[in-house]
> 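Mind having a look at this structure? Questions to follow.
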Amino acid sequence: MARQRSGIVLVLCAPSGTGKTTLTKRLLAEFSRFAYSISYTTRQPRTGEVNGRDYHFVTVAEFTRLRDEGFFAEWAEVHGNFYGTPLQATLDMLRDGRDVIFDIDVQGASQLRGSLRRGCYVFILPPSRAELERRLRARGTDDEPTIQRRLANAAKELDQAHWFNAWIVNEDLETAYDELRAAYIAATLSPSCSPDLVGGLMEGWREGR
Ligand code: 5GP
């Protein structure tokens, strides 16, 4: 019996510098069933970012218009810019049977959970404050005030970690990836993803198939 299941959402939250982007890319490369939720943002594109692939880059006026029209499944202001997840595009991907991976902040994850409960909300933790600070400095992309702001934000985000389905400490990238993979696969086995599985089996069972 072919096992059909519906798509699930996999939401990854982590303070910046925790390795979320690397882990997301690995999942996308390993599982072809994944689709990536491309957010809308008002921040400026960084070097190498492509409009429509990494983000949909829009003006504040455009973002506000879309938000007021109910276009977003969730939205938030992060580090002084607006970010939002398009609702219809998400529903379309799920209906097509894709699993959808979201790289969003904690405020957005909390809003999304209100409407999309089925799935897996994963919080990726740094091993310690000192290690997070070391990694932010090693990236060499942020000035001192930005590093301090990211550390302060990290503390606020960690405060919200309690309601997530899974916690993964990214001390060693390979171990963290294995754990993330396991959390994802476990989520796809939930009965709510395949509501007709047992019914279908029993139907065939009664008929001796
Ligand atoms: P960055 O500007 O570095 O790409 O992202 C900054 C933060 O915004 C990250 O924590 C990222 O997860 C979050 N973010 C990206 N897209 C969205 C979104 O659509 N909604 C929310 N709430 N946060 C987002």
Side-chain angles (χ1 to χ4, degrees), residues 5-16 18-28 31 33-43 52-58 60 62-125 153-154 156-168 170 179-195:
R5 68 166 176 84
S6 51
I8 64 158
V9 305
L10 178 68
V11 179
L12 300 186
C13 282
S16 54
T18 314
K20 177 171 60 167
T21 309
T22 310
L23 290 165
T24 305
K25 284 191 179 144
R26 280 190 65 168
L27 275 180
L28 286 166
F31 296 96
R33 190 175 171 139
F34 267 126
Y36 180 68
S37 167
I38 304 167
S39 297
Y40 284 64
T41 184
T42 59
R43 88 150 157 73
R53 183 193 70 187
D54 300 289
Y55 281 106
H56 299 286
F57 294 99
V58 291
V60 173
E62 174 78 346
F63 190 96
T64 311
R65 185 182 64 74
L66 291 170
R67 183 194 62 193
D68 295 347
E69 283 173 2
F71 180 81
F72 295 120
E74 62 76 31
W75 69 274
E77 189 175 346
V78 187
H79 309 317
N81 294 301
F82 291 120
Y83 295 84
T85 299
L87 174 63
Q88 194 56 49
T90 304
L91 296 177
D92 289 347
M93 291 188 285
L94 288 170
R95 207 185 31 235
D96 287 350
R98 309 293 299 274
D99 293 332
V100 187
I101 189 162
F102 297 80
D103 172 346
I104 60 177
D105 88 318
V106 174
Q107 311 166 70
S110 163
Q111 290 173 51
L112 206 61
R113 193 178 59 140
S115 46
L116 294 172
R117 293 200 77 84
R118 192 175 64 210
C120 190
Y121 288 76
V122 178
F123 199 101
I124 301 163
L125 303 146
N153 278 339
K156 280 193 217 141
E157 287 171 317
L158 284 167
D159 244 10
Q160 293 296 313
H162 57 89
W163 63 260
F164 282 74
N165 304 117
W167 291 343
I168 293 173
N170 188 5
E179 291 174 353
L180 179 57
R181 221 176 159 273
Y184 160 60
I185 292 169
T188 67
L189 303 178
S190 159
S192 66
C193 292
S194 314

> Determine the minimum heavy-atom distance between Arg98 and Arg33, stating which atoms define it.
NE-O, 3.2 Å
> Could you state the interatomic distance from CD (Glu179) to CH2 (Trp167), rounded to the nearest 0.5 Å?
13.5 Å
> Do Asp105 and Tyr83 have side chains that approach each other closer than 4.5 Å (heavy atoms only, starting at C-beta)?
no
> Looking at Gln107 and Glu77, would you say the former's side chain and the latter's main chain have a donor-acceptor pair under 3.5 Å?
yes
> Do you know which of Val11, Val9, Leu87 makes side-chain contact (heavy atoms from CB on, under 4.5 Å) with Leu112?
Val11
> With rounding to the nearest 0.5 Å, note down the distance linking CG in Leu23 to CG in Asn170.
5.5 Å
> Donor-acceptor check, side chain of Thr18 to backbone of Lys20, threshold 3.5 angstrom: yes or no?
no
> Before giving the answer on side chain to side chain contact (heavy atoms under 4.5 Å, CB included), spell out for Leu10 and Phe34 the whole-Å C-alpha distance, their side-chain angles and the decisive distance to 0.1 Å.
CA-CA 9 Å; Leu10 178 68; Phe34 267 126; 3.7 Å; yes
> Can you check whether Thr90 reaches Phe102 side chain to side chain, under 4.5 Å on heavy atoms?
yes
> Output the distance between atom OG1 (Thr24) and atom CG (Asp103), rounded to the nearest 0.5 Å.
5.0 Å
> Under the ring-ring contact (aromatic ring centres under 6.0 Å, His included) rule, collect the residues that match up with Phe164, sequence neighbours excluded.
Phe123
> Is a donor on one side and an acceptor on the other found under 3.5 Å between the side chain of Ser190 and the backbone of Ala187?
no
> Distance check, rounded to the nearest 0.5 Å: Asp96 atom CG versus Ser6 atom OG?
12.5 Å
> Taking all non-hydrogen atoms of both residues into account, name the closest pair between Ser37 and Thr85 and its distance.
OG-CG2, 3.6 Å
> Say you draw a straight line from CD1 of Ile8 to CD1 of Ile101; how long is it, rounded to the nearest 0.5 Å?
9.5 Å
> Considering non-hydrogen atoms only, spot the tightest contact between Ala35 and Met93 and give its length.
CB-SD, 3.4 Å
> Taking the side chain as everything from C-beta on, heavy atoms only, tell me whether Leu116 gets closer than 4.5 Å to Val100.
no
> Measuring from atom CZ of Arg26 to atom CG of Leu180, what distance do you get when rounded to the nearest 0.5 angstrom?
10.0 Å
> Evaluate the criterion ring pair (Phe, Tyr, Trp, His ring centres under 6.0 Å) for residue pair Phe72 and Tyr40; output intermediate values, then yes/no.
CA-CA 9 Å; Phe72 295 120; Tyr40 284 64; 5.8 Å; yes
> Could you go through Arg5 and Asp99, starting from their C-alpha distance and side-chain angles, then the distance that decides it, and tell me whether this counts as salt bridge (Lys or Arg N to Asp or Glu O under 4.0 Å)?
CA-CA 10 Å; Arg5 68 166 176 84; Asp99 293 332; 2.8 Å; yes
> Are Val106 and Lys156 packed together at the side-chain level, in the sense that at least one heavy-atom pair is separated by less than 4.5 angstrom?
no
> Taking all non-hydrogen atoms of both residues, which atom of Ile38 and which atom of Pro86 are closest, and how far apart?
O-CD, 3.4 Å
> What I'd like to find out is whether the side chain of Phe57 reaches to under 4.5 Å of the side chain of Thr41, using heavy atoms alone.
yes
